[in-house]
Amino acid sequence: MMLAIFEIIAITLWLTKGKIFYLFNFSYIGLSLSVGILLFLKKYKNFRRIVQLLVGLYMLVCLGIICNENMQIEGFGYYLFTGTFEAATIHYAVAKIFGPLLFGRGWCGYACWTAMVLDFLPYKQPQQPRKKLAWIRYITFAASFLLVAALFLAKVGNMERIMFWAFLVGNTVYYGIGIALAFVFQDNRAFCKYICPITVFLKPMSYFSLLRIKCDAGKCISCGKCKRVCSMDVDVTEPSGKRVNGTECILCMECVRNCPSDALK
């Protein structure tokens, strides 16, 4: 079903935009996600890591570095200001604005090239209580758009080149901050919880996500293991609309894999 959804997107964009790139791009991502789902069903432990590398490296290296496409929020802001509905704006529409209505914050768990690196650090489960620092993400979000707006108002030339360098510098800064925070807070996902500006789009849409972890209360033995293994501090035993940090779920499936009573699915 996941492959079919992405194939529909791929073919629709190919036919409407007249670019074969979209057919390849979304077919590749859909196939990668489908491989991950198959590996999960086969109970392969590192299924998510494989998808992260397949999608994350493709977007970072192929689209970002080789094709000079700024897939960061600055690139999205740039194309919004120019009124262009191309790769970056389509990417945001599918993965981060409308897509979460279907698959929540699956982007964060399977495709983000920043988290792809951070998830290999040693603190896969948070070692400290969650900090009340989520307000920083809104400052990061505003700063990104203000930067692009300032460049436009100043009528700076060669914006395409500037956006490419913003992509390179921005990613370097994100990796540096993300790794530093992971060790300071003993939490691989500290950057995602407190700094990442993309979550400003993802969180409200994820609240209505169709794809989410469900808990069978009749099978749950209240052992608390699902909470301990969750990298995003989500309590999946609560009703979906009332879960603590419910919009933070990245569908990593660690709670499902570790549930001793098979109460989660």
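Basis for what follows: all heavy atoms, side chains included, without hydrogens, waters or symmetry-related copies. The chain is numbered in sequence order, starting from 1.
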What I want to find out is whether Glu248 reaches Arg130 closely enough, with some N-O distance under 4.0 Å, to be called a salt bridge.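 A salt bridge is present here (some side-chain N lies under 4.0 Å from a carboxylate O).
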Carboxylate-amine/guanidinium contact Asp119 Arg189, below 4.0 Å: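 Salt bridge flag = yes for Arg189 with Asp119.
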Just checking [X]: does its [atom1] atom have more than 12 heavy atoms from other residues, nucleotides or ligands closer to it than 6.0 angstrom?
X	atom1	value
Phe152	CZ	yes
Lys203	NZ	yes
Tyr207	OH	no
Lys131	NZ	yes

Is there a side-chain contact between Trp107 and His91 (heavy atoms, below 4.5 Å)?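 SC-SC contact between Trp107 and His91 confirmed.
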Residue pair Cys196 / Thr114, side-chain heavy-atom distance below 4.5 Å: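 No; the side chains remain at least 4.5 Å from each other.
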Determine whether Val244 and Val256 fall in the same hydrophobic cluster, where Ile, Leu, Val, Met, Phe, Trp and Tyr are linked whenever their side-chain heavy atoms lie under 4.5 Å apart.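 Different hydrophobic clusters.
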Rounded to the nearest 0.5 Å, how far apart are CG of Leu53 and CD1 of Ile50?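 Between Leu53 CG and Ile50 CD1, I get 8.0 Å after rounding to 0.5 Å.
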How far does CE of Met253 sit from CD1 of Ile37, to the nearest 0.5 angstrom?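 Met253 CE to Ile37 CD1: 9.5 Å, rounded to 0.5 Å.
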Whether Arg228 side chain and Pro126 backbone form a donor-acceptor pair below 3.5 Å: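 No, Arg228 side chain to Pro126 backbone: no donor-acceptor pair under 3.5 Å.
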Please determine, by modelled atom types, if Tyr58 and Asn25 share a side-chain donor-acceptor pair under 3.5 angstrom.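 Present: a donor and an acceptor within the cut-off.
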Ring pair (Phe, Tyr, Trp, His ring centres under 6.0 Å) with Phe185: which of Tyr194, Tyr123, Phe191?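 Between Phe185 and the candidates, ring pair (Phe, Tyr, Trp, His ring centres under 6.0 Å) is satisfied uniquely by Tyr194.
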